Amino acid sequence: ALVSSPEQVRFPSPSKKKKKNHLVPSLIGNARFTSSKIPLFKEDSVSMSRPFGLKDYRKIYERSIEDPAGFWSEIASQFYWKEKWDLEVYSENIDVRKGSIKFEWFKGASTNISYNTLDRNIEAGNGGKVAIYWEGNEPDDDGQLTYLELLERVCQLANYLKHVGVRKGDAVIIYLPMLMELPIAMLACARIGAVHSVVFAGFSSESLSQRIIDCKPKLVITCNAVKRGSKAIHLKDIVDSALRESAKNGVTVDLCLTVENKSAMKRGDTKWKEGRDIWWQDVVPHFPTKCDVEWVDAEDPLFLLYTSGSTGKPKGVLHTTGGYMVYTATTFKYAFDYKPSDIYWCTADCGWITGHSYITYGPLLNGATVVAPNYPDCGRCWDIVDKYKVTIFYTAPTLVRSLMREGDEYVTRHDRKSIRVLASVGEPINPSAWRWFYNVVGNSRCPISDTWWQTETGGLMITPLPGAWPQKPGSATFPFFGVQPVIVDEKGNEIEGECSGYLCIKKSWPGAFRTLYGDHERYQTTYFKPFAGYYFTGDGCSRDKDGYFWLTGRVDDVINVSGHRIGTVEVESALVSHPQCAEAAVVGIEHEIKGQGIYAFVTLVEGVPFSEEIRKSLILSVRNQIGAFAAPDKIHWAPALPKTRSGKIMRRILRKIASRQLDELGDTSTLADPSVVDQLIALADF
Ligand code: ATP
Ligand code: MG
């Protein structure tokens with residue numbers, strides 16, 4: 001077997017034999033950010049000297065674009081393949097005018113991602129290394145699994161799944177909070193070639209049943225309850241009602257494997273359906289700790305993940321095995337400058353793509369040690385960093401802004417010295433939040449990877465490589481190797497240089513989704529028809545004179561004021577830069593003269609009351625930073641903003657509130673806290 005240690009999951013060293021066209025880096029992260037090298041703030045940009053620089057990046061990037069097959073197959077060779085791919089490394093049709101959209105990578109090769117994650121790292125001598133540190137609701141409720149232990153747990157479940165008749169290609173729904181059993185279940189499915197579909201355990205029974213109806217799983221894996229703060233949420237009850245609902249729609253599930261989560265609820269208190277419900281603890285530990293892997297084709301499906309799909313039926317984004325494996329492992333390694341000694345913490349939940357690619361697969365493929373707490377609150381954030389000596393911290397702007405709102409003391413009273421790389425994903429990070437993250441959390445010494453990507457892209461697409469080039473707060477900077485972002489105008493023509501427009505991707509990349517489950521037509525219509533010849537991201541973007549990419553928000557959210565197209569992010573960032581503003585969300589409203597006007601919802605820093613004076617100075621802040629045309633017509637004080645369960649601001653609902661269409665608010669049950677909406681309505685002065 002071609003077994004490689006985690007250190008070998010990397011590009012071959014370019015140095016000694018100077019092979020032509022072999023421009024791949026050895027280790028990008030040679031520089032130590034914890035050293036005394038003080039980064040320089042230079043006109044809004046942070047520059048860190050290090051051995052790997054922009055020039056090196058450009059060389060490698062160019063090669064990845066000129067010769068994707070050579071580039072990616074070299075990297076792919078570091079993984080274990082039972083059988084190598086066909087001569088053609090990839091094939092694609094990204095142009096709807098030329099027929100059905102098709103992306104294929106490493107077709108004909110057979111592999112297994114669970115094998116590459118566990119067995120391969122163990123054979124390389126890392127069996128005793130901690131794979132996952134788990135942290136429960138209470139600080140002393142913690143645990144850990146080494147790679148070897150994780151493999152054994154995965155094998156037991158895989159054997160159980162086989163025993164109950166789950167076969168290659170079958171779907172399995174996983175509705176679990178962040179317990180160890182969640183990544184275990186993902187890896188067990190992958191081991192036997194079953195397709196997992198994780199549903200975030202905050203979704204309602206209705207959302208869950210929609211997903212069950214769509215993918216018709218062989219079984220559902222859940223737990224009886226989970227504690228959020230002091231309250232126990234009865235997940236099993238939610239599953240019960242989702243299963244009743246799906247049965248009404250002709251989809252019955254015969255088996256519900258339930259983890260007994262003792263800290264939240266006792267067995268005896270759990271509603272039970274004999275014959276269908278089985279306790280995980282009663283069956284799984286009795287199965288053998290060894291389980292042969294099912295070798296699958298690189299293009300066999302690995303998982304389905306439903307995006308929220310703000311309108312209509314949720315979209316089942318389908319990812320396959322080989323390309324996804326290579327892409328998540330490589331992006332993880334470079335965008336976070338991963339080293340074997342790192343302790344990595346990503347605050348996402350495995351219910352989201354970030355949890356799939358950058359909690360489970362990317363890090364574990366690299367043999368990394370991952371910290372995975374169950375619902376940490378802000379207060380415990382830095383305790384956890386200090387407890388585990390976290391070196392790489394990956395989070396979302398929403399968390400950064402809420403920490404910022406509470407004040408610096410909550411951060412500065414902790415040590416945090418271990419941190420060397422900070423990273424962010426999910427929304428654009430406003431420059432002032434970026435600076436706070438950089439200055440306060442990172443003590444002005446850690447680079448920030450602002451990673452732009454999507455559920456659909458599988459892995460990050462536009463991102464800094466830590467310290468490799470000067471950063472600009474709020475810009476995701478440059479594309480990752482092999483990714484070709486382009487900005488197009490309304491007619492779909494590529495625009496060059498300094499410009500702003502629609503963000504599209506030209507050419508496939510290994511981590512791309514292959515279809516929407518059961519609906520290839522919708523896949524093509526949503527993503528490939530708007531601009532023929534390209535994958536359309538749905539996001540707006542601009543590029544500055546230095547070639548840096550700046551995400552400006554979703555194009556559906558763009559506001560057109562007197563002919564000026566204004567991205568929501570720009571105005572929001574101007575508001576958030578006001579010292580008393582913690583968070584802001586702007587939407588367009590009808591305006592007799594201007595076509596659209598700007599309506600801004602603002603949350604103030606803890607303890608600051610809203611006043612006429614603040615209102616005026618907020619507007620002034622936007623006028624000064626952008627111009628009079630972008631000045632908000634209305635400022636609406638928002639003690640809190642409506643957010644999705646993954647922490648993103650839901651502008652769809654804010655638009656309805658702003659335009660007083662209160663009876664058309666739509667489904668608010670997908671909000672993390674629906675009561676926020678009533679609060680906002682009560683504070684409106686219509
Ligand atoms: P849905 O597509 O179902 O409405 P969603 O788009 O929020 O949900 P995700 O795939 O998790 O689901 O999020 C991807 C989107 O998040 C991107 O298209 C972009 O709008 C935003 N985003 C993610 N990371 C960044 C970033 N670093 N900077 C700016 N925007 C980002
Ligand atoms: Mg999206």
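All figures in this text were calculated on a predicted structure; none of them were measured in a lab. By convention here, the first residue in the shown sequence is residue 1.
A salt bridge is absent between Asp386 and Lys417: the closest approach of a Lys/Arg side-chain nitrogen to an acidic carboxylate oxygen does not fall below 4.0 angstrom. Salt bridge annotation for Glu612-Arg615: present, with a cationic side-chain nitrogen under 4.0 angstrom from a carboxylate oxygen. A salt bridge is absent between Glu427 and Lys648; no separation between the charged side-chain nitrogens and carboxylate oxygens falls under 4.0 Å. Using a cutoff of 4.0 Å between basic side-chain nitrogens and carboxylate oxygens, Arg652 and Asp556 are not scored as salt-bridged. Between Asp663 and Lys656 there is no salt bridge, since none of the side-chain N atoms of the basic residue sits less than 4.0 Å from a carboxylate O of the acidic one.
Separation of the Tyr410 and Trp382 ring centroids does not fall under the 6.0 Å cut-off. Under the 6.0 Å cut-off for aromatic ring centres, Phe513 and Tyr527 qualify, their centroids lying closer than that. Residues Phe393 and Tyr344 keep their aromatic ring centres 6.0 Å or farther apart. Under the 6.0 Å cut-off for aromatic ring centres, Trp469 and Phe478 qualify, their centroids lying closer than that.
Judged by distance alone, with hydrogens and angles left aside, the side-chain atoms of His356 form a donor-acceptor pair with the main-chain N or O of Cys350 at under 3.5 Å. In this structure, Asn261 contributes its side chain and Ala225 its backbone to a donor-acceptor pair below 3.5 Å. A donor-acceptor distance shorter than 3.5 angstrom exists from the side chain of Ser402 to the backbone of Leu399, with no hydrogens or angles considered. No donor-acceptor pair under 3.5 Å is formed between the side chain of Thr603 and the backbone N or O of Ala582. Looking at Thr537, its side chain does come within 3.5 Å of a backbone N or O of Leu503 through a donor-acceptor pair. Using a distance-only test at 3.5 Å, with no hydrogens or angles considered, no donor-acceptor pair links the side chain of Thr328 to the main chain of Gly459. A distance-only check finds a donor-acceptor pair linking the side chain of Asp633 to the backbone of Ile598 [under 3.5 Å].
For Asp557, the salt bridge (charged side-chain N to carboxylate O under 4.0 Å, His left out) criterion is met by Arg651, Arg655, not counting sequence neighbours.
Shown here for Thr354 and Cys346, the closest heavy-atom pair between the two residues is CG2-SG, 3.7 Å. The nearest pair of heavy atoms linking Phe549 to Pro479 is CE1-CD, 3.9 Å. Listed here is the closest heavy atom pair of Val371 and Trp345: O-CD1, 3.2 Å. Taking all atoms of both residues into account, the shortest heavy-atom contact from Pro363 to Val370 is CB-CG2, 3.6 Å. Pairing each heavy atom of Val488 with each of Cys504, the nearest pair is CG2-SG, 3.8 Å. Closest of all the heavy-atom pairs between Pro177 and Cys223 is CD-SG, 3.6 Å.
Separating the CD1 atom in Ile566 from the OG atom in Ser500 is a distance of 11.5 Å, to the nearest 0.5 Å. With values rounded to the nearest 0.5 angstrom, Asp342 atom CG is found 3.5 Å from Ile392 atom CD1. In this structure, CZ in Arg416 is found 9.0 Å from SG in Cys446, a value given to the nearest 0.5 Å. Taking OH from Tyr57 and OH from Tyr334, the interatomic distance works out to 14.5 Å, rounded to the nearest 0.5 Å. Between atom CD1 of residue Ile614 and atom NZ of residue Lys616 there is a gap of 13.0 Å, rounded to the nearest 0.5 Å. The distance from the CD1 atom of Ile419 to the OG1 atom of Thr391 is 9.0 Å, given to the nearest 0.5 Å.
Inspection of the Asp544 and Trp550 side chains reveals an N or O donor paired with an N or O acceptor under 3.5 Å. At a cut-off of 3.5 Å, with distance as the only test, no side-chain donor of Thr451 or Ser449 sits close to an acceptor on the other residue. Side-chain atoms of Thr331 and Tyr358 form a donor-acceptor pair, as typed in the model, at a separation below 3.5 Å. Between the side chains of Tyr388 and Glu135, a donor-acceptor pair is found at a separation under 3.5 Å. Remark: the His636 side chain and the Tyr599 side chain contain an N/O donor-acceptor pair separated by less than 3.5 Å. Side-chain atoms of Gln661 and Ser659 include a donor-acceptor pair closer than 3.5 Å. Counting only N and O atoms by type, the side chains of Trp452 and Asp539 include a donor and acceptor under 3.5 Å apart.
Ile132 places a side-chain heavy atom less than 4.5 Å from the side chain of Pro183. Between Trp352 and Arg645 there is a side-chain heavy-atom pair separated by less than 4.5 Å. Residues Leu604 and Trp637 meet the side-chain proximity criterion, which asks for heavy atoms closer than 4.5 Å. Between Val558 and Thr568, every side-chain heavy-atom pair lies at or beyond the 4.5 Å cut-off. Within the 4.5 Å cutoff, the side chain of Thr477 has no heavy atoms near those of the Asp450 side chain. Side-chain atoms of Ile353 and Trp453, non-hydrogen and from C-beta on, do get closer than 4.5 Å to each other. Contact of the Val605 side chain with the Cys581 side chain is not registered, since no non-hydrogen atoms from C-beta on lie closer than 4.5 Å. Using a 4.5 Å heavy-atom cutoff, the side chains of Leu683 and Pro639 are in contact.
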Would you list the atom pairs, donor with acceptor, under 3.5 Å between side chains in residues 585-592 and any protein atom, with sequence neighbours excluded?
from, atom 1, to, atom 2, distance (Å)
His591, ND1, Ile593, N, 3.2
His591, ND1, Lys594, N, 3.1

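Screening residues 573-583 for side chain to side chain donor-acceptor pair (under 3.5 Å), with sequence neighbours left out, gives Arg401-Glu583, Asn430-Ser573, Ser577-Gln625, His578-Ser617, Glu583-Lys643.
Counting non-hydrogen atoms of other residues, nucleotides and ligands closer than 6.0 Å to CD of Glu664 gives a total above 12. Annotation: Gln596, atom CD; neighbour count of heavy atoms from other residues, nucleotides and ligands within 6.0 Å is above 12. More than 12 heavy atoms of other residues, nucleotides or ligands shown are found within 6.0 angstrom of CZ on Arg405. Summarising the local packing, CD of Glu206 is surrounded by 12 or fewer heavy atoms from other residues, nucleotides or ligands at distances under 6.0 Å.
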Requested in this report: Using the side chain to side chain contact (heavy atoms under 4.5 Å, CB included) rule, take Asp383 and His414 through it: C-alpha gap first, then chi angles, then the decisive distance, then the call.
Outcome: CA-CA 7 Å; Asp383 287 334; His414 292 86; 2.8 Å; yes
Report task. Could you check Ile487 against Tyr502 for side chain to side chain contact (heavy atoms under 4.5 Å, CB included), going step by step and ending with a plain yes or no? Result -> CA-CA 5 Å; Ile487 299 179; Tyr502 302 87; over 6 Å; no
Requested in this report: Please step through side chain to side chain contact (heavy atoms under 4.5 Å, CB included) for the pair Val569 and Leu551, ending with a clear verdict.
Outcome: CA-CA 8 Å; Val569 175; Leu551 278 298; over 6 Å; no
Requested in this report: Might you work through the salt bridge (Lys or Arg N to Asp or Glu O under 4.0 Å) test for Glu498 and Lys545, ending with a clear yes or no?
Outcome: CA-CA 5 Å; Glu498 214 179 326; Lys545 60 180 192 334; over 6 Å; no
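For the pair Lys333 and Tyr338, the NZ or CZ position fails the cation-pi test of under 6.0 Å to the six-membered ring centre and within 45 degrees of the ring normal. Taking the ring axis of Phe203 as reference, the NZ or CZ atom of Arg211 stays within 45° of it and closer than 6.0 Å to the ring centre.
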